[in-house]
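By convention in this document, chain letters (A, B, ...) are assigned in the order of the sequence lines, proteins followed by strands, and residues within each chain are numbered from 1.
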Protein chains: 2
Amino acid sequence: MADVARIAGVSHQTVSRVLNHHPNVRPGTRDRVLAAIEELGYRRNLSARALVTRRTNTLGVVAFDTTLYGPASTLFGLEQAARDAGYFISIVSLKTINRKTVGEALDYLAAQAVDGLIAIAPQVEAAAAVSALQGHVPVVAVEGGEADGMPVVAVDQTRGAELATRHLLGLGHRTVWHVAGPADWLEAEGRRRGWQRTLEAAGIALPPVVEGDWSPRAGYTAGRRIANAARTGRATAVFVSNDQMALGLLRALHEAGVRVPQDVSIVGFDDIPEAEFFTPPLTTIRQDFAEVGRKSIALLLDLIETGPRPETERIVVAPALVVRASTAPPATT
Amino acid sequence: MADVARIAGVSHQTVSRVLNHHPNVRPGTRDRVLAAIEELGYRRNLSARALVTRRTNTLGVVAFDTTLYGPASTLFGLEQAARDAGYFISIVSLKTINRKTVGEALDYLAAQAVDGLIAIAPQVEAAAAVSALQGHVPVVAVEGGEADGMPVVAVDQTRGAELATRHLLGLGHRTVWHVAGPADWLEAEGRRRGWQRTLEAAGIALPPVVEGDWSPRAGYTAGRRIANAARTGRATAVFVSNDQMALGLLRALHEAGVRVPQDVSIVGFDDIPEAEFFTPPLTTIRQDFAEVGRKSIALLLDLIETGPRPETERIVVAPALVVRASTAPPATT
DNA sequence: CCGCCCGGTGTGAGCGCTAACAACCCGCCT
DNA sequence: AGGCGGGTTGTTAGCGCTCACACCGGGCGG
């Protein structure tokens with residue numbers, strides 16, 4: 001910086017002012033400084049800057065299994081939005097999620113002195129661990145619970161489940177079965193609730209819930225059970241809590257000779273890129289992960305700038321129904 | 001740090017020594033310092049440290065479409081390995097890859113003064129853009145080309161393709177068709193070469209190559225073409241360059257009434273979690289992405305520690321054939 | 001018995017930047 | 001004409017840390 005100042009014939013402070021877009025610099029001076037910067041290929045040292053401003057311009061992200069389509073997409077959106085806003089992102093990706101691992105992750109990010117934190121904390125326990133940070137550093141939860149007074153950005157899971165269930169009822173199905181995600185996942189819970197609420201509103205008794213762990217294998221296991229129910233005509237429509245499980249379910253039904261959608265209709269959740277090419281193409285609920293990422297960053301930056309809000313912020317992103325070939329009116333109609 | 005020093009009754013320099021595991025500190029002194037650190041909940045300021053050491057302890061990663069299973073898994077492995085080694089990771093995830101976007105990404109990471117760089121640069125052009133950095137900062141390419149004298153960690157794509165093609169020939173198929181990835185992707189090129197080499201070694205004429213863009217849709221399009229060839233008995237086996245395209249292919253064949261594996265055998269590449277639950281379960285080539293991540297970090301850290309190597313390093317990870325239900329001997333045998 | 005060496009510790013400087021303040025120039029008002 | 005205010009620039013003082021070096025004391029060899 002001293003070199004730049006010398007070449008431009010100004011003081012290092014003026015260089016600093018140019019770099020920080022300070023208004024009170026004469027245009028001619030600014031140009032000379034910029035030229036000198038260009039000439040030297042100068043880059044300011046962000047460590048030194050962070051040292052004095054006490055801002056690292058880095059946002060921490062705690063995520064879980066970024067190999068899955070959902071978290072990976074959210075992360076992608078997060079990263080784009082942060083970069084656009086001039087922030088860096090530091091990610092900790094967890095294999096297993098519990099109070100201990102989340103605690104370690106937060107420690108690691110704290111060591112980095114991040115300016116703010118985004119927690120993709122879709123599990124009850126993780127959400128609790130993160131909310132302990134409240135007040136220390138700005139935090140935004142993605143897909144988190146409604147509790148704890150933590151600002152949250154999330155897709156409206158309940159609404160998505162309603163969309164799915166209504167679609168099936170609208171086709172004439174008497175009832176809708178449900179293959180749920182793990183009970184300690186907030187998203188699984190929201191989807192189960194939306195399904196339940198819709199059936200109850202229609203005065204329909206709830207079929208048993210089959211619980212899975214999001215994996216195709218779990219869907220397959222659930223599928224064998226549902227194939228039995230389908231053969232006796234008890235099950236003609238299923239709302240599956242994610243597309244991967246729907247894939248396993250499709251496979252189990254195929255093996256059992258149950259036709260989709262003629263015998264059983266299926267709706268998934270997520271709209272992974274593969275869903276369109278399942279056999280048959282899957283009707284599902286699309287989540288706009290990129291939008292979630294953008295809104296999360298926007299909220300976090302706002303929190304960093306203006307300090308915490310008196311009321312708890314909750315931003316909701318709307319899901320959308322994508323109708324493909326895995327749903328049809330029941331055969332008996 | 002001054003506070004810690006005061007409480008422990010030592011100088012700030014001794015505190016620094018304890019923090020850096022300097023050997024010449026008396027155990028009693030060390031304990032006092034550690035106790036003081038504990039008491040105050042002290043955390044050292046990494047910006048200040050970076051300012052004087054000129055090391056940020058941060059590694060940059062340039063990746064492409066981290067939404068895909070392969071890159072996402074590699075990233076996950078990278079992140080784990082870096083964290084274990086005490087490094088932070090800064091990721092730039094690109095939507096489109098070309099000289100300009102890669103250049104911007106590298107700029108962004110340079111601004112952060114990363115200690116080293118990992119480039120997931122599976123495209124010819126990207127690899128070229130990255131190799132321009134050579135010498136400036138340590139760089140390791142993941143899945144990069146063999147050119148440019150850049151250290152590379154990669155899965156042996158050619159070997160994987162050989163495994164797939166041999167498997168099909170071993171089952172008695174006269175020839176093997178190939179649905180390739182985009183020509184400018186190094187992985188697509190490696191797989192195509194492995195397939196070609198194997199057929200040539202067996203003295204078999206090459207069927208036409210169908211080129212796709214990795215998407216299920218491209219596989220679907222390719223599948224319609226191959227369905228025609230299958231009906232006339234010209235195609236009985238296909239090696240598809242990734243699992244997503246294989247899914248689309250499966251779907252197209254299903255629609256055309258071509259049975260898999262009775263009429264046509266299919267082998268994919270990647271072993272995505274869904275592959276096991278395709279209809280039918282897909283025979284494919286598994287890549288150990290986590291291992292690639294670990295080896296990349298290990299190599300990069302070594303480069304950072306000991307400086308550049310005289311000879312070009314190339315670390316290869318072996319792929320594995322996973323046999324499932326999408327392959328069988330040809331009907332005519 | 002002296003001096004040297006080495007383990008353990010303290011002192012001072014400075015990494016590159018920004019914040020606060022001082023200094024200057026200029027036009028304009030009194 | 002003198003002074004005042006605002007725009008523009010320079011000067012100084014750290015931010016919290018590590019490095020280089022000085023220092024101190026005790027064991028050991030000459």
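- Contact annotation: the side chain of Ile297(A) approaches that of Leu78(A) to within less than 4.5 Å [non-hydrogen atoms, C-beta and beyond].
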Sequence neighbours excluded and cut-off under 3.5 Å, please list the side-chain donor-acceptor pairs for residues 30-41 of chain B, or say none.
from	atom 1	to	atom 2	distance (Å)
Arg30(B)	NH2	His22(B)	O	3.3
Arg32(B)	NE	Ala8(B)	O	3.0
Arg32(B)	NH2	Ala8(B)	O	3.4

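- Leu51(B) has its CG atom 12 Å from the P atom of dT18(C), to the nearest Å.
- For the pair Asp3(A) CG and dC15(C) P, the computed distance is 12 Å after rounding to whole Å.
- If Val52(A) and His22(B) are placed on DNA chain C by their nearest nucleotide, the residue sitting closer to the 5' end is His22(B).
- Here chain B contacts DNA chain D (any atom closer than 4.0 Å to a heavy atom, that is under 4.0 Å), and the contacts span dG16(D) to dA20(D) from 5' to 3'.
- dG8(C) atom P lies 14 Å from atom CZ of Arg32(B), rounded to whole Å.
- Summarising the geometry, the separation between CG on Asn24(A) and C1' on dC26(C) is reported as 15 Å, rounded to the nearest angstrom.
- Here dT9(C) presents its C1' atom at 13 Å from CZ of Arg30(B), a figure rounded to the nearest Å.
- Leu40(A) has its CG atom 14 Å from the P atom of dG16(C), to the nearest Å.
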Report all interatomic pairs (protein N or O, nucleotide N or O of nucleotides 20-24 of chain C) with separations under 3.5 Å.
from	atom 1	to	atom 2	distance (Å)
dA20(C)	N6	Gln13(A)	NE2	3.2

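- Atoms CZ (Arg49(A)) and C1' (dC15(C)) sit 17 Å apart, rounded to a whole Å.
- Side-chain contact between Asp65(B) and Pro71(B) is absent, with no heavy-atom pair separated by less than 4.5 Å.
- When ring centroids are compared, Tyr108(B) and Phe88(A) come within the 6.0 Å threshold.
- Side-chain contact between Asp156(A) and Val317(A): absent, with no pair of heavy atoms (C-beta onward) separated by less than 4.5 Å.
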**Study point:** Chi angles and distances behind the side-chain hydrogen bond (donor to acceptor under 3.5 Å, both in side chains) call for Ser93(B), Thr66(B)
**Key:** CA-CA 6 Å; Ser93(B) 192; Thr66(B) 46; 2.8 Å; yes
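- Annotation: side chain of Tyr87(A) is in contact with side chain of Leu301(A) (closest heavy-atom distance under 4.5 Å).
- Across all strands shown, Thr29(B) has heavy atoms under 4.0 Å from sugar-phosphate atoms exclusively, and none from any base.
- Protein atom CZ of Arg54(A) is 13 Å distant from nucleotide atom C1' of dC17(C), rounded to whole Å.
- Leu106(A) has its side chain within reach of Val62(A): a pair of non-hydrogen atoms, C-beta onward, lies under 4.5 Å apart.
- Taking for each of Arg44(B) and Thr14(A) the nucleotide of DNA chain D with the nearest heavy atom, the 5'-most of the two is the partner of Thr14(A).
- Salt bridge status for Arg54(A) with Asp115(A): absent, with no side-chain N to carboxylate O gap under 4.0 Å.
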